[in-house]
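By convention in this document, chain letters (A, B, ...) are assigned in the order of the sequence lines, proteins followed by strands, and residues within each chain are numbered from 1.
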Number of protein chains: 2
Amino acid sequence: MSTHYVGTETETLILDTWIKLNRANNSIGHVLRHNMDGHGITMTQFGVLEILEHLGSLPLKTIGEKILLSSSNLVTVIDNLEKQGLVNRQNNPADRRSVMVCLTDKGKSTLKPIFQSHLEQLVECFSILNEDELKVLGELSKKLGLNQSSKAKE
Amino acid sequence: MSTHYVGTETETLILDTWIKLNRANNSIGHVLRHNMDGHGITMTQFGVLEILEHLGSLPLKTIGEKILLSSSNLVTVIDNLEKQGLVNRQNNPADRRSVMVCLTDKGKSTLKPIFQSHLEQLVECFSILNEDELKVLGELSKKLGLNQSSKAKE
DNA sequence: ATCCATTTATTTGATATTTAATTATTGTCA
DNA sequence: TGACAATAATTAAATATCAAATAAATGGAT
């Protein structure tokens, strides 16, 4: 924790920056969620499918850590995806406590066009920024994110 | 909608930027929410109190527009705040359908230290960025936010 | 080898949020 | 004026999420 005095001017700048950052994030999130609604899945479900596509089958626990979701919530998310036939549960030979979650063929073929559409929305959302601006925004965001996660360990 | 072809490289950059932006936002949001928990109110309740402090008494509908919350949800949020004696409902002489929500004295005195603590957390979260970086981040975020809201009208 | 703390998934109960339907009021237009 | 559409708050029903408690399996220390 820094000990130097933080003046009101800085506080105002930070508050202002936070409001803008949060508003941008929410606006984009809203666009993306609306798009997912049109495809009949939730953002959380999409997140699960995407990570399975990217990393292959994973234990339920691991998925929760990756997308920052409580395992109790994840159980129902996986339940719902399983009902739709997009994933299934399998035994984990390495540990009988754990459940491996796998993307089905239907899951894969369903995800593909949704991901494409998701990407299009995202490109549209960010079209107002040029390449340099994107890089700067990414770096500043990364700094912020890392700052929090380092705090979490203390 | 732009018609020019968006190459894979740009798509990757945008996806990457979004992930970082979203992660930063969520991390900070998590810190702030945790802080509010310690004060016994939710972020949404805090948002309502703050806007009432800032703009004075407002119709329920207007509050919902400001903090992007459905009015049905707002009803229960106001209910809960009213139970805690932090706000109360009053008639709106101008329109008998509408309900004016007012911050009570208890609401004001309760909000003050919470807001202070909130600000401290925020300063801590953003302490990794210097003044110039804060300004750049704010401007880029603002551009993004405005881009969405302009789209919403189309 | 056994006891015990830890880990994993699940169930249960609570809260937050949204959409749809309801009620009361307002405004409009024919 | 009177019928009807629009608006504001509310209620009801559904979903998402989390925290706490539970059950099964694992690993480690003695």
A.B. asks: How does protein reach along nucleotides 13-25 of chain C, written 5' to 3' as B (base within reach of a heavy atom under 4.0 Å), S (only sugar-phosphate), or - (no contact)?
C.D. replies: ---SBBBB---BB
A.B. asks: Is the closest basic N to carboxylate O distance between Asp37(B) and Arg33(B) below 4.0 Å?
C.D. replies: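 Looking at Arg33(B) together with Asp37(B), the answer is no, because their closest N to O distance does not fall below 4.0 Å.
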A.B. asks: Inspect the contact between Glu139(B) and Lys135(B) and indicate whether a charged nitrogen and a carboxylate oxygen are less than 4.0 angstrom apart.
C.D. replies: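 Judged by the 4.0 Å cut-off on N to carboxylate O distance, Lys135(B) and Glu139(B) do not form a salt bridge.
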A.B. asks: Is Asp16(B) salt-bridged to Lys20(B), going by a charged N under 4.0 Å from an acidic O?
C.D. replies: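 Salt bridge present between Asp16(B) and Lys20(B).
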A.B. asks: Please work out if Val99(A) contacts a base, only the sugar-phosphate, or nothing of the nucleic acid, heavy-atom cut-off 4.0 Å.
C.D. replies: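 It contacts sugar-phosphate atoms only.
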A.B. asks: According to the side-chain hydrogen bond (donor to acceptor under 3.5 Å, both in side chains) rule, which pairs have a member within residues 93-107 of chain A, sequence neighbours left out?
C.D. replies: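 Residue pairs passing side-chain hydrogen bond (donor to acceptor under 3.5 Å, both in side chains), neighbours aside: Asn92(A)-Ser98(A), Asp95(A)-Arg97(A).
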A.B. asks: Could you tell me which residues satisfy side-chain hydrogen bond (donor to acceptor under 3.5 Å, both in side chains) with Gln121(A), sequence neighbours excluded, listed by chain and number?
C.D. replies: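 side-chain hydrogen bond (donor to acceptor under 3.5 Å, both in side chains) list for Gln121(A), sorted by chain: empty.
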A.B. asks: If we only count heavy atoms from C-beta on, is the Lys142(A) to Leu146(A) side-chain gap below 4.5 Å?
C.D. replies: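 Yes, close enough: below the 4.5 Å cut-off.
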A.B. asks: What's the separation between atom OG1 in Thr12(A) and atom CG in Leu119(B), rounded to the nearest 0.5 Å?
C.D. replies: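 Output value for this atom pair is 8.0 Å.
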A.B. asks: Using atom types as modelled and distance alone, determine if a side-chain donor or acceptor of Asn147(A) lies under 3.5 Å from a backbone N or O of Lys143(A).
C.D. replies: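 Checked: no pair found.
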A.B. asks: Are Leu58(B) and Val101(B) close enough that some pair of their side-chain heavy atoms sits under 4.5 Å apart?
C.D. replies: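 Heavy-atom side-chain distance check fails, nothing below 4.5 Å.
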A.B. asks: Please list every donor-acceptor pair under 3.5 Å in which a side-chain atom of residues 40-55 of chain B meets a protein atom from a residue at least two apart or in another chain.
C.D. replies:
from	atom 1	to	atom 2	distance (Å)
Thr42(B)	OG1	Gln45(B)	N	3.1
Gln45(B)	OE1	Thr42(B)	N	3.1

A.B. asks: Please give me every residue in residues 48-57 of chain B whose heavy atoms get under 4.0 Å of an atom in DNA chain D, ordered by residue number.
C.D. replies: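 Those residues: none at all.
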A.B. asks: Arg89(A) side chain N/O closer than 4.0 Å to the phosphate oxygens (OP1, OP2) of dT10(C)?
C.D. replies: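 So the side chain of Arg89(A) is within the cut-off, an N or O lying under 4.0 Å from OP1 or OP2 of dT10(C).
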A.B. asks: Going 5' to 3' along DNA chain D, which are the first and last nucleotides with any atom under 4.0 Å from a heavy atom of chain A?
C.D. replies: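 Listed 5' to 3', the contact boundaries are dA16(D) to dT26(D).
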